[in-house]
Amino acid sequence: MLCLPRPLGACTLFDILRTVWRLGRATEAYPAKGRGIPVAGIGLPVLAAETCNCSSACVAACPGQAIRLVESESHRRTWELDLANCVFCGLCARVCPTGAITLTKEFELAARSRPDLIERVAISAQGLSNAPSN
Amino acid sequence: MSAGTTRVRVKRADLVTSIERLREQSRVRLATMVGLDERGRSGCFRLVYLFALDDSGTWVSVETEIPGDDPVFPSVTPLLPAAHWYEREVQDLLGLQPSGHPDPRRLILHENWPDGVYPLRKDFDPAQLTFSKDHQPFSFHRLHGDGLVEIPVGPIHAGIIEPGHFRFAAVGDVILHLEARLFYTHRGIEKLAEGRHFDAVLPLAERICGACSAANAAAYCLAVESAAGFEAPPRARALRAVLLELERLYNHLGDLGNICAGTGFAVGTAYGARLKESAQRLNERLSGNRFLHGVFRPGGMVFDIDESQALDIRSTLAELKIEAGQFSELLLGNESFRDRLEGTGVLNGDAVEALGGVGPAARASGIARDSRRDHPYAGYSGLIIPATLETGGDVLARMKARIDETFAAFDLIDDLLGSLPGGSVWQPVPEPAPFTEAFGWAESARGETLHWIQTGPGGSIERYRVRSASYCNWPLVALAVPGNLVPDFPLINKSFELCYACLDR
């Protein structure tokens, strides 16, 4: 190979090719090979039905208004989380007075239909009996 | 207002002359301008022109009241070009007319937005909004001449970037004139903040922009803390500086790669992207979020870092520093790449001064301005911030400024971690008195971002004015482009790498 003299600090095509060779391939084979999220990562928030006391602190704190507490005609309460509006900030878990919300590491949350993006948890009777009076 | 601010109240008729006198006395920079609808309390609107005195680290605000039934004021723009967009913005959003403004066109509102409806006024009712179905044209400045071609680019672009429209007038390949039309991602964040408790505004502040999340969050928290007369504990202040430098780092590494993308130097683009990815994964390990959402809150930090995390930062950055060095050699040493950058997109220092430009773009044109040094905040007080000055003002100078700042960031993080104070990382912020005015700032990767607030009752926010670095610098892009080739526009744009979302809010 013809080696031409080059000024100090010059980066030739050869240097570029050598860099490409050295760095190799960084692409990860996901989803072929699974991966998780770090310890600090925030995935799907999950409600423990028997610990919830319907304080609605999570409803108020959610910046995207993704959480609703819905009461049916038969007075059954359901906690609803709309993943389309959740920004995974973790504020709901932080403000919950009973620690009923856990931030899991689940992040593969795509759904095939809009309604499937809504997580629903029926609040247990125990939870209702703990509910603060309005 | 915030400590070190001198407030000067003047009559509307004296607005221009008092600013003129201020400029004669000291070297001042227009840092932001806020319009407020206070008709409910005083029957008037109010304008606050906030000036930074970078040489002394102080601030001066010149304020005037505008009668509610006569919403006109004398434009300061002919005297102070930096005021141009601020005055058009208060016209659009508050209906305050800057008389004598050289460019009184709409800036933010869509051309189909009805006349006479001003969203930031306190009596704005979105339910009353009706839009005309007729398409109103947007008035670009048109140039005419033989062989002149008008080239529209965007808002959907070749690369996956934010929406913005660029209207070129070119003769052959040479650009004679560029006009940018922005504000496509205006989300009304300032209005959304009104009436919310200051803690509830934080998630909005973090998400004004993805790449300046930590800087915007820091500036907002500092504004709230200032309003409450509160200072975050020393350990929190140091950690804030560490995370702000980590944000600068991932931005600059990616931006260096993006400059390569502007020339088709694919190896450089990929190299920068890898380094940025490494930095963002570090962010995720520390905070759970690649973009550093959820790291700051009024009062200090959301989390503390322990020994193993400090070690993680150190070892990741040690590797990154070596790679960044090799990356820089690749960029600076390749002649055909440099040839594209040298002399391209020259921005002269006078234009930066006239328009109040900030950040690496200003420093690359010889304007030594950096809020970490000029107006120290958080853990930067007492630290030596290297002056990464270049004078070429071209794409090469802006790239070199970023390379220097990247290496400075490695050193700053090292210093900060080596001298981390003990103690808590958060204390509760006392509720600020209603109608307190304060502001906070941070040097984002693109320059100073400044958040101005007026509190309301019960710890709420009554008015929120965000002025990001990109607000100052977008007009500079239009000045750097004429005389260059059309294919150089993406390169010049990438050398500024401004945020559309930060500007638009």
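By convention in this document, chain letters (A, B, ...) are assigned in the order of the sequence lines, proteins followed by strands, and residues within each chain are numbered from 1.
In this structure, the portion of A/Leu91 lying under 4.5 Å from any heavy atom of chain B is its side chain and not its backbone. For B/Glu323, the part lying near chain A is the side chain, with the backbone staying farther off; criterion is any non-hydrogen pair under 4.5 Å. Neither the backbone nor the side chain of B/Arg290 comes within less than 4.5 Å of any heavy atom of chain A. In this structure, chain A has no heavy atom under 4.5 Å from any part of B/Leu204.
The 12-atom threshold is not exceeded at CD of B/Glu319, counting heavy atoms of other residues, nucleotides or ligands nearer than 6.0 Å. Enclosure of atom CZ in B/Arg285 by more than 12 non-hydrogen atoms of other residues, nucleotides or ligands within 6.0 angstrom is indicated. Around CZ of A/Arg22, the count of heavy atoms belonging to other residues, nucleotides or ligands within 6.0 Å exceeds 12.
For the set A/Val87, A/Val39, A/Leu103, A/Leu23, the count of heavy-atom pairs under 4.5 angstrom toward chain B peaks at A/Leu23.
Listed by sequence position, B/Phe265, B/Val267, B/Tyr271, B/Arg274 are the residues of residues 261-278 of chain B in contact with chain A, using a 4.5 angstrom heavy-atom cutoff.
Using a 4.5 Å heavy-atom cutoff, the side chains of A/Arg94 and B/Val302 are in contact. Using a 4.5 Å heavy-atom cutoff, the side chains of B/Leu330 and A/Ile16 are in contact.
Residues B/Pro203 and A/Pro63 approach most closely at CB-CB, 3.5 Å, considering heavy atoms. Heavy atoms only, all atoms of each residue included: B/Arg207 and A/Cys89 are closest at NH2-CB, 3.8 Å.
Using a cutoff of 4.0 Å between basic side-chain nitrogens and carboxylate oxygens, B/Glu284 and A/Arg35 are not scored as salt-bridged.
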